[in-house]
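In this text, all values refer to a predicted model and were calculated from it rather than measured experimentally.
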Amino acid sequence: MLKTTIKYLFTTLFILLGTLAYAQLSETERLQKINAIVKSIQLPNIPDYTISITSFGGNGNGSYNNKKAFDKAIKKLAKKDGGTLTVPSGTYVINGPIHLISNMNLHLEDGAVLKFGSNPTDYPLVYTSWEGTFLYNHSPLIYGNNLHDVAITGKGIIDGEAADTWLQWKPKENEDKLKSRDMNHASTPIEERIFGNGHYLRPQLVQLVNSERILIEDITLEDAPFWCLHLLKCNSVTIKGIAYDAYNKNNDGIDLEYTSNVLIENVTFSNGDDNIAIKAGRDHEGRANADTPSQNIVVRNCLFKGLHALVIGSEMSAGVKNVFVDDCKAHGYLKRGIYFKTNRDRGGYIKDIYINNITFEDTEDCFYITANYHGEGNGYNSKISDIVINNVSCKKASGTAVVIQGYKDSKVENVYLTNITVAKATNGTSVTNTKNVVIDNLIIGEEATVPTSVK
């Protein structure tokens, strides 16, 4: 009996010390980690050479097709080893994609609007991915692959013009979506995954693939066919000062997939879907790319509005780690504020996530961390662990304030919730299949004071 008691005490002490060791990644150490990530991110080096789209026949009268003008201008930049292509104020119709090159800045001056056509035959097949599966599909409206030193800047607008066009594909996409996932699970060679004409997978508005030293600054993204800004297998990314007016189906704001060393700051979101979604591939294919997790991501000083604010998953099979979110707030309704989602199809992990100083208004669920997304899958549990959420307030949760769902055989571990206030909630907490969930200063509803006296 004594041995059992001593063993229990040592086990308890070990767990407690482990918990404290993790929790004591102090404010100083957390800031050091953030600073190290930000310092490591390189801005693009753009040559000091500038041309205007108007020098190549560009016309911002709102009806002229500027596709050839952009192609000619970018070809000129390529001959000069890069530079800045400026687009003056005006509305520039473009029937087809803009394909960026290395060492290039696409600069949209204040008042410049790019309006893209929606004839699928104008958008050739390119190497891309769709909801976590690599394939060939219609080119995103602005696209680049295997680039370095690339920027999109300025106060102008990129308008996908999709509400009455591409969006009509949404009810038709399911067959192709399932086909792509079957190809993923069957490890079908990527060169055989051909979609495009005759299929219904909508293209992204802006996508960069296998690229590095990227700057996206100050532009506004509107009316996207699918995801708004997708960084796929990219490194050293700065996104700052951009804004959204994008309320079509699946109009995520920023999707980071297999992408590392990212700074997102001072972004104003207004989206029909996730504001920021951090992903890392789907299922078999994602697990096969486990050497390319999404990692070292800093988000700060952003305004959230849309479906969900910060999402990790559900495609995260290569893993997501080292994410830091600081000093953000919502400026409207969110279905969920913080939403981590995976299931038994995914595998991979979500770990080392630090969230600090966030203010939400009305939500359905303030926090929702689940390993059972859609109740799907078998055989590939994901590991969710080492989550620190501190200094978060929410006015209302019409659903549940805090949801954490693991599995009995794969528990969510080491979650620290401190200084959390939800002023009003239909349900307080639902925490199942977890280990080492530490809560300090969690107040849902009114804070209790001293106990009332018996009269």
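Judged by a 6.0 Å distance limit and a 45° cone about the ring axis, K305 is not positioned over the six-membered ring of F269.
Looking at N433 and Q405, their side chains never come closer than 4.5 Å, going by heavy atoms from C-beta outward. Using a 4.5 Å heavy-atom cutoff, the side chains of L231 and D255 are not in contact. Within the 4.5 Å cutoff, the side chain of T268 has heavy atoms near those of the H331 side chain. A 4.5 Å side-chain heavy-atom check between I214 and C234 finds at least one atom pair inside the cut-off. The shortest distance between side-chain heavy atoms of L141 and P203 falls below 4.5 Å. Between L205 and L229, the closest side-chain pair of non-hydrogen atoms is not below 4.5 Å. I98 is listed as a side-chain neighbour of F116, based on a closest heavy-atom distance under 4.5 Å.
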Report the C-alpha separation of Y127 and F134 in whole Å, then their side-chain angles, then the decisive distance to 0.1 Å, and conclude whether the ring pair (Phe, Tyr, Trp, His ring centres under 6.0 Å) test is met.
CA-CA 7 Å; Y127 173 77; F134 292 111; 5.6 Å; yes

Is there a side chain to side chain contact (heavy atoms under 4.5 Å, CB included) between E257 and I278? Walk through the geometry before answering.
CA-CA 6 Å; E257 187 166 12; I278 304 173; over 6 Å; no

Do V403 and F367 pass the side chain to side chain contact (heavy atoms under 4.5 Å, CB included) test, and can you show the C-alpha distance, the side-chain angles, and the key distance before you say yes or no?
CA-CA 6 Å; V403 180; F367 308 105; over 6 Å; no

Let me see the working for T153 and N105 under side-chain hydrogen bond (donor to acceptor under 3.5 Å, both in side chains), right down to the final yes or no.
CA-CA 7 Å; T153 65; N105 178 15; 3.0 Å; yes

Checking side chain to side chain contact (heavy atoms under 4.5 Å, CB included) for the pair R287/R346: CA distance, chi angles, key distance, verdict?
CA-CA 8 Å; R287 294 190 295 274; R346 299 290 185 263; 5.5 Å; no

Decide salt bridge (charged side-chain N to carboxylate O under 4.0 Å, His left out) for D409 and R344; before the verdict, give the C-alpha distance in whole Å, the side-chain angles of both, and the deciding distance to 0.1 Å.
CA-CA 11 Å; D409 56 342; R344 290 185 188 268; 3.5 Å; yes

Begin from the C-alpha positions of H185 and D283 and carry the test side-chain hydrogen bond (donor to acceptor under 3.5 Å, both in side chains) through to its verdict.
CA-CA 7 Å; H185 295 160; D283 302 351; 2.7 Å; yes

Please test L100 against I142 for side chain to side chain contact (heavy atoms under 4.5 Å, CB included), starting from the C-alpha separation and ending with a verdict.
CA-CA 7 Å; L100 303 174; I142 296 179; 3.8 Å; yes

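A ring-centre distance under 6.0 Å is found for Y380 and H284. Residues F340 and Y368 keep their aromatic ring centres 6.0 Å or farther apart. For an aromatic pair to be called close, the ring centres must be under 6.0 Å apart, and W130 with H138 fails this.
Within the model, atoms CE of M316 and OG1 of T342 stand 4.0 Å from one another, a figure rounded to the nearest 0.5 Å.
Looking at S102, its side chain does come within 3.5 Å of a backbone N or O of H148 through a donor-acceptor pair. Judged purely by atom type and a 3.5 angstrom limit, S294 uses its side chain to pair as donor or acceptor with the backbone of K279. Under a 3.5 Å cut-off, the side chain of N381 and the backbone N or O of S410 do not form any donor-acceptor pair. Checked by atom type and distance alone, the side chain of T429 never pairs as donor or acceptor with a backbone atom of V402 at under 3.5 Å. A donor-acceptor pair under 3.5 Å links the side-chain atoms of Y407 to the main chain of A371, judged by distance alone. Under the 3.5 Å distance criterion, the side-chain polar atoms of Q204 are matched with a main-chain donor or acceptor of S129. Judged purely by atom type and a 3.5 angstrom limit, D327 has no side-chain atom pairing as donor or acceptor with the backbone of N301. Proximity of a side-chain donor or acceptor of N289 to a complementary backbone N or O of E285 within less than 3.5 Å is detected. Side-chain N or O atoms of T165 include one that pairs as donor or acceptor with a backbone N or O of E161 at under 3.5 Å. Judged purely by atom type and a 3.5 angstrom limit, D386 has no side-chain atom pairing as donor or acceptor with the backbone of I353.
Classified by interplanar angle (parallel below 30°, tilted 30° to 60°, perpendicular above 60°), the ring pair W166/Y123 is perpendicular. Using bins of under 30°, 30° to 60° and over 60° for the plane-to-plane angle, the ring pair Y200/W169 lands in the perpendicular bin.
Side chains of K170 and N250: a donor-acceptor N/O pair is present below 3.5 angstrom, by distance only. With hydrogens and angles left out, the side-chain atoms of N271 and Y247 include no donor and acceptor closer than 3.5 Å. Using modelled atom types, one finds no donor on one side chain facing an acceptor on the other under 3.5 Å when comparing H107 with T84. Between N275 and H308, the side chains place no donor N or O within less than 3.5 Å of an acceptor N or O (distance only, hydrogens not considered). Using modelled atom types, one finds a donor on one side chain and an acceptor on the other under 3.5 Å when comparing N248 with D223. Under the 3.5 Å distance criterion, with hydrogens and angles disregarded, a donor-acceptor pair is assigned to the side chains of N419 and N391. No donor-acceptor contact under 3.5 angstrom links the side chains of S270 and D245, judged on distance only. Judged by distance alone, the side chains of D326 and N357 never bring a donor and an acceptor atom under 3.5 Å apart. Between N390 and T418, the side chains place a donor N or O and an acceptor N or O closer than 3.5 Å (distance only, hydrogens not considered).
The residues R213 and D149 are annotated as salt-bridged, a charged nitrogen and a carboxylate oxygen being separated by less than 4.0 angstrom. The residues D365 and R336 are annotated as salt-bridged, a charged nitrogen and a carboxylate oxygen being separated by less than 4.0 angstrom. Look at R181 and E131 and you find a salt bridge, because one of the NZ, NE, NH1 or NH2 atoms lies within 4.0 Å of a carboxylate O, short of that distance. Checked for salt-bridge contact, D159 and K115 meet the test: a charged N lies under 4.0 Å from a carboxylate O. The pair D273-K335 does not count as a salt bridge, with every side-chain nitrogen at least 4.0 angstrom from each carboxylate oxygen. Taking 4.0 Å as the cut-off between side-chain N and carboxylate O, E364 and K396 do not count as a salt-bridged pair.
What you find for S430 and T400 is that their closest heavy atoms are N-CG2, 4.1 Å. Across all non-hydrogen atoms, the minimal contact from V320 to A280 is CG2-CB, 4.3 Å. In this structure, A397 and C366 approach most closely via the heavy-atom pair CB-N, 4.4 Å. Here the shortest heavy-atom pairing between L232 and T128 reads CD2-C, 4.3 Å. T292 and Y258 get closest at one heavy-atom pair: O-CD2, 3.0 Å. Here the shortest heavy-atom pairing between R282 and T133 reads CD-OG1, 3.9 Å.
Within a 6.0 Å radius of NZ in K155, no more than 12 heavy atoms belonging to other residues, nucleotides or ligands are found. The local environment of CG in D164 is sparse, with at most 12 non-hydrogen atoms from other residues, nucleotides or ligands closer than 6.0 Å. More than 12 heavy atoms of other residues, nucleotides or ligands shown are found within 6.0 angstrom of CD on E191. For E446, the CD atom sits in a loose shell: 12 or fewer heavy atoms of surrounding residues, nucleotides or ligands are nearer than 6.0 Å.
For the side chain to side chain contact (heavy atoms under 4.5 Å, CB included) criterion with R202, the lone passing option out of Q168, K172, K249 is K249.
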